[in-house]
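Below is one structure, written out as structure tokens; the observations come after it.
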Amino acid sequence: MEITQAVAALTPSLIEMRRDFHRHPELAFQEVRTSAKLAAFLESLGLEVTRGIAQTGVVARLKGARPGKTVLVRADIDALPIQEASGVAYASQTPGVMHACGHDGHAAIAAHVAAVLAGFKDRLEGEVRFAFQPAEEIVAGARPMVEAGVLEGVDRVVGLHLYSLMPAGKVGVRPGPSMAAADAFTIHLQGKGAHAAMPHEGVDTVLMASQIIVALQSLVSRETDPIQTAVITIATLRAGEGAHNIIPETAELKGTLRTFDAALREKLIRRIEELSRGIALAMGGSAEVVWLPGSPAVVNDAVMVERFRQVARQVVGEEGVLEVPPVMGGDDMAEFLNRCPGVYFWLGAGDPDPSRNRPHHHPGFWIDDERALPLGVELLVRSVLDFLHD
Ligand code: NI
């Protein structure tokens, strides 16, 4: 098969590029070396390359010889603030920074999809556009790329996420909501400081925070349709300076809201504010809720998923294509899928023995790049060729 051979020929370059990115990880909006290397590689293939989109993003266009649809391949490129402890020979050379989510692999895969397709340029119908997106880990890179017009004229989008807990050789996908909308919030509480032995002189923000935390639990258990899904977690509670005998004047809660349904998301955002402000007011204090809005839920198009599955079966066989449950993790691929039909799928990258695998964002995170990455290239190449047609 022509495509399989083309992928095999490029595999050494693919692995080398991924390991080079792994050695030199860069945090969100600091992906200067990564994007320069990607841009140079894409230019060498003859693609029309635009640098500096959304600060450190790169967009490349491969125009086919004949007309057809425009398909966008999206890959994220940033790393995480983690000290690597994977033990691999090509470990990070930057202290405290690590590709612990596989975005090094995403970038190398998409670049080599461009390399394979550039080889078939004369027979290509339509345009294939590549978006190398910065700052996925802080959910800040996709939106400015979309606002810069990256999706203009695009008919369909496709992307993948490596998955270390799924064996290499497997592919996971599902139609509809696949990853959650992830919003972060901080609740600032204002009370009145006092001596701990004279509580009636103050307004206790520790008690206020406790009441709010307990009340927030009722939003999922009592106000959310049991058939729907939501998570509200308070992850940080700060109050006081370590004293045994001072009622603190202020307190701070930080948490996350995860939802799939847009209307439920809106309702819970409103209710978190109402409960926090209402309880603080009832106790004689005040609350201010500050939101760090995340991306919407990742929602796959049902028709595109079915077409992708047909393609994937040719690459990994019937038993290699798994229907996976939705996850409460978020991904700003949602910004693309929210505006354009497409597919975001999981590419297995772990060992068949689960005890050898580490989760994403773990210091020991590793992937079987030699087995997983070439499959990722082939799956995307074949999906793009399919999606270019009606
Ligand atoms: Ni990731």
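In listed order, ligands and their atoms are each counted from 1.
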*Within 6.0 angstrom of Arg238 CZ, more than 12 heavy atoms from elsewhere*: no
*asked:* Are there over 12 heavy-atom neighbours, none belonging to Glu306, within less than 6.0 Å of that residue's CD?
replied: yes
*Around the Ni ion (ligand 1), how many protein N, O or S atoms are closer than 2.8 Å?*
3
*Hey, can you tell me if His106 and His161 have their rings parallel, tilted or perpendicular (30° and 60° cut-offs)?*
perpendicular
*CZ of Arg222: more than 12 outside heavy atoms within 6.0 angstrom?*
no
*Can you label the angle between the Phe132 ring and the Phe130 ring as parallel, tilted or perpendicular, going by 30° and 60°?*
parallel
*Between Tyr90 and His22, what is the ring plane arrangement, given parallel below 30°, perpendicular above 60°, and tilted in between?*
perpendicular
